[in-house]
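We count ligands from 1, going down the list as the structure has it; atoms in each ligand are counted the same way.
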Amino acid sequence: MSAHLKPRATATRDLINLDGLWRFALDTEAGPEPWTGRLAGTREAAVPASYNDLFTDRAVRDHVGLVWYQRSVRVPRGWAGERVVLRFEAATHAAVVYVDDAVVAEHVGGYTPFDADLTDVVRPGEEFRLTVGVSNELSNVTIPPGTVTIDGDRKKQSYLHDFYNYAGLHRSVWLHSTPATRVDDVTVRTRIEGAAGLVDYRVDTSGTGSGTADVRVRILDQDGRQVAEQHGATGTVRLDDVHLWQPGRGYLYDLVAEVLDGDAVVDSYPVPFGVRTVEVRGTQLLINGEPFYFTGFGKHEDTPVRGKGHDPAYLVHDFELLRWVGANSFRTAHYPYAEEVLELADRLGIVVIDETAAVGINLAVQGGLTGKAPTPTFSPETFNDSTREAHAQHLRELIARDKNHPSVVMWCVANEPSSNEAGAREYFEPLIGLTRELDPTRPVTIANVMFATYSNDLLVDLLDVVSLNRYYGWYLGTGDLEAAERQLEGELRAWASTHGKPILMTEYGADTMPGLHSVWEQPWSEEFQSAYLAMYHRVFDRVPEVIGEQVWNFADFQTSDGIHRVDGNRKGVFTRDRRPKSAAHHLRARWTATGTRKPTDS
Ligand code: BDP
């Protein structure tokens, strides 16, 4: 069952967090039907965390297939008559959930939440055995894709993305109650009219039988003072003298959606929201009518030991480093991040480009790197209608979860697909259309790969912003920043003059070993990284259509093993443990002066 509202404790809802240590076993050790009893073995795994780096056993790290998590859960006595729901914020990449001996949920997609309604299978006051099988297997019809091969008695997995395929229960697990008659979903969209904010809202309810429930919405300001109240499941609330949500100043209101039975409040659920607009006009992206210049990074959810497990300490520290370095934005490369990340971005006013997990819809890159004739990316045997349907479902779940976050200003439908290849348009046009249908308020983009040029890209006219990932001076012409400067400028100007759209640099960067220095600015040295970034910045400042710069990457991150990687990808401006390389100081000087306006704009 897909999920909309994040579980919260409210006057009408209780919430229990199930994080901690769970029993853990690989499918190869767990025996048949491991959900029917206590899991074999003595391993315990932390939730939330990737399981891969927790243990010293390589068989766990490299495991391909299912792993099992288990714990017992007691339903509170007081929940009689309530709906009882289990919520997984993320199980990467697919999960099957058992309560005692029965399947209660299955979900595919590693970065979006899902629910299991347990109302009819558990009893208040009693304990149940919760067992979850989590699979890390990827295929041509999963998002992201991958390939599993059999090598003797082992399964091996390869994939087309440049980050380690961490898996497991990466985010919190909750047990919560809701009233039977309840708020199911809330959608908030905002407009600005002079000094007023217009809040268009829609509240979906369930369990109200054939009668229509009375819905009330109350708007509270950041100090908790009620500033508006209105009845009706849909409507528009006007907020005079509104406090706008601004980059760097994340003012939030709460929309409290209530289901009433006479005077009694049957259910109550608050949705934080900000009043702001986003619009692409000409070659600019406007937030609240003002041109916005993006500074920041493509990030990853990646930390030592935890892998992709959500960690509130790293969240706070990463945002603190963003502030320190003067960044005003980031892209959730290459998958939706934990919702807590967006909530903090909402509060702090950090601007987010929200990306799907569709990374690696591209067989041309692999062909190019191995010298073999490329396999077509879009074909019945490779990425096909079923892949596109999985991608569509992923978009539905992403937009359902993130639609109300003011920090999110743009959807990124994919990273570096083969958008110059036959079939790209047939694959992507319906997905871009679906994104716009699900959310007509935000611009849509795709992070473009270098092989898809201003003259052969098949998707650019469908998108609002041209987002480019480019590595002149690194993958192309390594070390020759003079040539790179000419090529980069030439390409940016060609996109600008051919397509007349705003251009956002969503990736540019160079692998850098911290502590390696060179008076000649040699590749891999800290000096080279700074010189490389400075060169890109000179070019951005000369090309008026460039609306922002997001360095690849915020921090070093783990990848699969390979001759191009030294314990992972080293393009971080910070190391994996978040220490600055010297380029951080270059960025800090530029971005603290930039704020939200392009350095060349006065
Ligand atoms: C880009 C990808 C990104 C990689 C980066 C790199 O979008 O995921 O990590 O290249 O090679 O093509 O560092």
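R542 CZ: more than 12 foreign heavy atoms inside a 6.0 Å radius. Other residues, nucleotides and ligands contribute more than 12 heavy atoms inside 6.0 Å of the OH atom of Y314.
Of all protein heavy atoms, the one closest to atom 9 (O) of ligand 1 is D162 OD2, 2.5 Å. Shortest contact from atom 1 (C) of ligand 1 to any protein heavy atom: E507 OE1, 3.0 Å. When hydrogens are left out, the protein atom nearest atom 12 (O) of ligand 1 is E416 OE1, 2.6 Å; that is the closest non-hydrogen contact. Residue, atom and distance of the protein heavy atom nearest to atom 13 (O) of ligand 1 are K571 NZ, 2.5 Å. For atom 8 (O) of ligand 1, the closest non-hydrogen atom of the protein is H334 NE2, 2.6 Å.
Between the side chains of H517 and S525, no donor-acceptor pair of N or O atoms lies under 3.5 Å. Between the side chains of D311 and T303, no donor-acceptor pair of N or O atoms lies under 3.5 Å.
Residue contacts with ligand 1, taken as heavy atom pairs separated by less than 4.0 Å, do not involve V359 at all. With a 4.0 Å heavy-atom cut-off, ligand 1 is reached by no atom of V449. Using a 4.0 Å cut-off between heavy atoms, H161 makes no contact with ligand 1 at all. Proximity of H300 to ligand 1, defined as any heavy-atom pair under 4.0 Å, is not found for any part of the residue. Of all the heavy atoms of F557, the ones lying under 4.0 Å from any atom of ligand 1 belong exclusively to the side chain. When non-hydrogen atoms are compared, ligand 1 lies under 4.0 Å from the side chain of N469 (C-beta onward) but not from its backbone.
Heavy-atom contacts of N569 reach the following atoms of ligand 1: 6 (C), 9 (O), 13 (O) (cutoff under 4.0 Å). Atoms of ligand 1 lying under 4.0 Å from at least one heavy atom of R565, given by number and element, are 6 (C), 11 (O), 13 (O).
Under the 30°/60° scheme for interplanar angles, the aromatic rings of W552 and H334 are found to lie parallel.
A donor-acceptor pair is defined here as one N or O able to donate and one able to accept, closer than 3.5 Å; no such pair exists between the side chain of K598 and the backbone of F294.
Both cation-pi conditions hold for R61 and Y164: the charged atom is under 6.0 angstrom from the six-membered ring centre and inside a 45 degree cone around its axis. Remark: K308 fails to qualify as a cation-pi partner of Y166 under the 6.0 Å distance and 45° angle criteria applied to the six-membered ring.
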Using the side-chain contact (heavy atoms from CB on, under 4.5 Å) rule, take N136 and N165 through it: C-alpha gap first, then chi angles, then the decisive distance, then the call. CA-CA 8 Å; N136 66 353; N165 186 37; 4.1 Å; yes
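For atom 11 (O) of ligand 1, the nearest non-hydrogen atom from the set Y508, Y475, Y471 comes from Y475.
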